[in-house]
Amino acid sequence: MAFRNKMPIYQLPAFKVLVIQALVAIGLALAFLLKDLNASFCALLGGLIALLPNIYFALKTFRYFGAQSAMAITLSLWTGEMGKYVLTAALFVLVFLAIKPTNLIALFISYFIVLIVSSLGLLLVKKSFKKY
């Protein structure tokens, strides 16, 4: 029997990492605004392409809790990771087909920097994970 986690998203341990990612994406968009508006928009898109799949993954990952939910947690982690990859690819396809970004450097720099923030997220908020 799996126990569902009914905690709101702002109380999840990953919430701080998601907020830091959003702030980094906004900061990069503001930094590219010094170059031009189009680069800033492309940087914001790159940050969102990295951020939105991570929000999905966080919601899937913390869906269940408890030792009796081990199988459900494992399946949820697996589907969350696969969903993250599919969502990332779909968002890139959507951006390239619908928006046609002209500044690819800003798009990919922002994407990779926001992605690196999620990789370093455990180091940034390790105290909040200790209580779980």
Side-chain angles (χ1 to χ4, degrees):
M1 179 176 181
F3 296 104
R4 287 191 76 107
N5 190 358
K6 296 182 180 177
M7 211 183 298
I9 188 169
Y10 62 88
Q11 290 181 345
L12 294 177
F15 183 71
K16 289 180 183 176
V17 176
L18 296 173
V19 169
I20 292 170
Q21 282 185 299
L23 292 175
V24 168
I26 292 170
L28 286 169
L30 291 175
F32 276 102
L33 191 59
L34 297 174
K35 185 176 181 197
D36 64 29
L37 188 60
N38 189 25
S40 175
F41 182 64
C42 290
L44 186 62
L45 288 176
L48 286 175
I49 290 173
L51 177 64
L52 293 176
N54 280 334
I55 291 172
Y56 173 77
F57 178 73
L59 290 174
K60 291 292 279 188
T61 299
F62 294 103
R63 193 175 201 174
Y64 300 101
F65 69 98
Q68 294 180 350
S69 305
M71 182 59 86
I73 291 170
T74 304
L75 289 173
S76 186
L77 277 169
W78 173 253
T79 57
E81 190 67 25
M82 291 298 110
K84 188 169 93 172
Y85 291 139
V86 169
L87 194 56
T88 300
L91 287 172
F92 268 117
V93 168
L94 180 69
V95 165
F96 283 115
L97 291 179
I99 299 172
K100 297 184 183 6
T102 56
N103 196 331
L104 294 177
I105 292 174
L107 180 87
F108 283 109
I109 284 176
S110 180
Y111 172 75
F112 284 116
I113 289 176
V114 173
L115 202 62
I116 288 170
V117 169
S118 71
S119 299
L120 300 175
L122 291 177
L123 298 174
L124 296 172
V125 293
K126 64 182 179 184
K127 288 183 180 177
S128 66
F129 281 99
K130 285 183 178 178
K131 63 183 177 184
Y132 292 99

* To the nearest 0.5 Å, what is the distance between CG (Leu52) and CG (Leu18)? -> 10.0 Å

* same_hphob_cluster(Leu77, Leu75) at 4.5 Å side-chain heavy-atom cutoff -> no

* **Donor-acceptor pair, side chain of Ser110 and main chain of Gly46, under 3.5 angstrom** => no

* Asked: Are the side chain of Ser40 and the backbone of Ala29 linked by a donor-acceptor contact shorter than 3.5 Å?
  -> yes

* Asked: Could you give the distance from OG (Ser118) to CG (Leu115), rounded to the nearest 0.5 Å?
  -> 4.5 Å

* **Inter-residue atom distance Leu107.CG - Phe112.CZ, 0.5 Å rounding** => 9.5 Å

* Side chains of Leu37 and Phe32: closer than 4.5 Å at any heavy-atom pair? -> no

* Asked: Do Phe108 and Leu30 share a hydrophobic cluster (ILVMFWY, side-chain heavy atoms under 4.5 Å, transitive)?
  -> no

* Asked: Under a 4.5 Å side-chain heavy-atom rule over Ile, Leu, Val, Met, Phe, Trp and Tyr, are Leu23 and Leu51 clustered together?
  -> yes

Could you list the donor-acceptor pairs under 3.5 angstrom formed between side-chain atoms of residues 84-98 and any protein atom two or more places apart in sequence or on another chain?
residue, atom, partner, partner atom, Å
Tyr85, OH, Glu81, OE2, 2.8
Thr88, OG1, Lys84, O, 2.8

* So if you build clusters from Ile, Leu, Val, Met, Phe, Trp, Tyr with side-chain heavy-atom gaps below 4.5 Å, do Trp78 and Ile55 land together? -> no

* Structure fact -> Closest heavy-atom pair, Gly80 versus Phe57, reported as atoms and distance to 0.1 Å, is C-CD1, 3.4 Å

* Mind checking the CG-SG spacing from Leu28 to Cys42? Nearest 0.5 Å is all I need. => 13.0 Å

* To do: Locate the shortest heavy-atom distance separating Ala106 from Ala39; write the atom from each residue and the value.
  => CB-O, 3.5 Å

* Which value, rounded to the nearest 0.5 Å, describes the distance between Leu48 atom CG and Gln21 atom CD? -> 11.0 Å

* Look at the side-chain heavy atoms of Ile, Leu, Val, Met, Phe, Trp and Tyr, link any pair under 4.5 Å apart, and say whether Phe41 and Leu33 land in one connected group. => no

* Asked: By side chain to side chain contact (heavy atoms under 4.5 Å, CB included), which residues pair with Ile105, not counting sequence neighbours?
  -> Asn103, Ile109

* What closest approach, in Å, do Ala58 and Ala14 show between heavy atoms, and which atom pair accounts for it? -> CB-CB, 4.0 Å

* Got a second to check how far Thr61's OG1 is from Asn54's CG, nearest 0.5 Å? -> 9.5 Å

